[in-house]
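Working notes, structure below.
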Amino acid sequence: MLELRAVSAFYGAAQVLWDVSLEVRRGEIVALIGSNGSGKSSVLKAVAGLLPGVTGHIRHQGRELRALPAHERAGLGIGFVLERRRLFPAMTVRENLLMGAYRVASAQAVRETLERVEALLPLVAAKRREPAGRLSGGEQQLVAIARGLMCRPSLLLLDEPFLGLSPRAVEEVAALLGHLHREGLTLLFNEQDAALCFSLAQRGYLLKAGRVVFEGHGPAALQEPAMREFLGEAVP
Ligand SMILES: Nc1ncnc2c1ncn2[C@@H]1O[C@H](COP(=O)(O)OP(=O)(O)OP(=O)(O)O)[C@@H](O)[C@H]1O
Ligand SMILES: [Mg+2]
């Protein structure tokens with residue numbers, strides 16, 4: 001579904017990704033793990049087309065994405081749920097969802113997608129008339145994911161979907177991602193909590209200072225030396 005080969009990325013003259021290679025197969029949930037500044041968001045932005053300075057190959061279903069602008073990548077079915085939710089706080093929940101459908105061709109298709117997304121997320125449906133900024137952090141994350149689903153993605157990228165959430169909200173978001181995965185959506189998400197990553201994702205890549213230093217499968221990966229070192233680093 002998605003393949004990165006030797007991807008490097010730059011903000012101006014500053015290089016932030018070095019030779020990143022990874023893949024996400026159709027139907028997988030894959031996690032990008034790493035501490036602050038390790039390059040997790042940069043990988044997702046490179047895939048979504050939000051980073052100008054990228055070299056190497058980024059292929060989606062065999063097609064090279066690098067020359068395509070972000071909106072065309074969204075049109076190919078790559079949805080992106082931005083970090084810290086980035087909702088429009090003064091707009092209603094429903095209006096926020098509709099902002100996610102700007103690439104969907106017909107009003108009929110938008111209505112159908114809205115019905116499907118609201119049926120999947122009863123809370124989002126119930127709060128549809130409220131300003132998004134008035135919702136709790138967990139509720140806002142559900143709205144952000146709902147908005148990401150409005151472009152009818154086959155691959156959904158999520159930047160730290162659990163950031164700042166209560167344990168209960170973490171469970172709700174994890175349950176939602178698990179449900180979307182069972183429905184056939186392919187997911188790639190970022191997260192600093194390695195245990196949470198491997199409880200949800202089948203595979204995970206560990207990033208350190210802009211490089212992939214480890215790839216692991218399932219909870220057993222937490223016992224591998226690279227992960228143990230990372231967990232040790234993360235403990236103050
Ligand atoms: N707009 C920017 N301009 C310049 N440098 C940036 C910019 N955004 C990020 N960086 C740098 O790129 C590197 C990787 O950042 P990135 O946001 O990808 O990390 P991250 O793993 O997502 O971190 P976090 O966990 O804090 O979200 C960092 O050194 C960061 O300082
Ligand atoms: Mg980030």
Side-chain angles (χ1 to χ4, degrees), residues 2-24 29-58 65-66 69-70 73-74 78-87 137-138 140-145 147-148 153 155-167 169-170 173-174 177 187-201 203-216 221-222 226-236:
L2 179 71
E3 184 188 28
L4 276 68
R5 282 287 161 261
V7 169
S8 293
F10 304 81
Y11 288 100
Q15 186 164 0
V16 295
L17 296 179
W18 277 264
D19 232 12
V20 168
S21 294
L22 57 86
E23 62 182 22
V24 181
I29 304 191
V30 175
L32 295 172
I33 306 157
S35 48
N36 289 122
S38 58
K40 305 181 298 299
S41 297
S42 298
V43 171
L44 296 188
K45 285 177 186 162
V47 174
L50 300 174
L51 271 190
V54 176
T55 64
H57 296 285
I58 303 178
L65 293 182
R66 255 190 43 218
R73 300 189 201 195
I78 303 176
F80 191 13
V81 180
L82 294 168
E83 67 193 308
R84 288 171 236 282
R85 302 183 273 280
R86 302 282 171 85
L87 296 176
Q140 289 190 29
Q141 187 61 63
L142 295 177
V143 174
I145 295 171
R147 183 176 63 181
L155 169 66
L156 190 62
L157 314 171
L158 302 112
D159 199 346
E160 303 218 33
F162 304 106
L163 188 73
L165 301 189
S166 69
V170 167
V173 170
L177 298 185
L187 298 156
L188 174 62
F189 72 98
N190 283 353
E191 169 57 42
Q192 296 195 26
D193 179 337
L196 178 57
C197 279
F198 281 112
S199 69
L200 188 60
R203 288 192 304 116
Y205 293 93
L206 177 62
L207 284 168
K208 191 173 172 183
R211 298 173 200 272
V212 173
V213 294
F214 173 74
E215 178 194 347
L222 296 172
M227 289 308 303
R228 293 181 67 106
E229 189 198 327
F230 169 71
L231 292 167
E233 278 175 4
V235 173

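Index from 1, following the sequence. Whatever order the structure lists ligands and atoms in, that order sets their numbers, starting from 1.
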Requested in this report: Drop me the distance from Ser21's OG to Tyr205's OH, to the nearest 0.5 angstrom.
Outcome: 9.0 Å

Report summary line: To the nearest 0.5 Å, atom CZ of Arg147 lies from atom CG of Leu82 at 6.5 Å

**Report entry** Gln192 side-chain N/O to Ala194 backbone N/O, donor-acceptor pair under 3.5 Å
**Finding:** no

Report task. Ignoring hydrogens and angles, tell me if any N or O in the side chain of Arg203 forms a donor-acceptor pair with the backbone of Glu23 under 3.5 Å. Result -> yes

Query - Within-2.8 Å protein N/O/S contacts of the Mg ion (ligand 2) - result: Ser41 OG

**Report entry** Interatomic distance, Asn190 atom CG to Phe162 atom CZ [nearest 0.5 angstrom]
**Finding:** 11.0 Å

Query raised in the report: Are any side-chain N or O atoms of Lys40 and backbone N or O atoms of Leu32, one a donor and one an acceptor, separated by less than 3.5 Å?
Result: no

Query - Side-chain donor/acceptor of Arg86 to backbone N/O of Val81, under 3.5 Å - result: no

Report summary line: Distance col, row Leu207:CG vs Leu17:CG, nearest 0.5 angstrom, shows 7.5 Å

Query raised in the report: When you measure from the side chain of Arg211 to the backbone N and O of Asp19, does any donor-acceptor pair fall under 3.5 Å?
Result: no

Report summary line: Close residues (non-hydrogen atom under 4.0 angstrom from ligand 1) work out to Tyr11, Val16, Ser35, Asn36, Gly37, Ser38, Gly39, Lys40, Ser41, Ser42, Glu160, Gln192

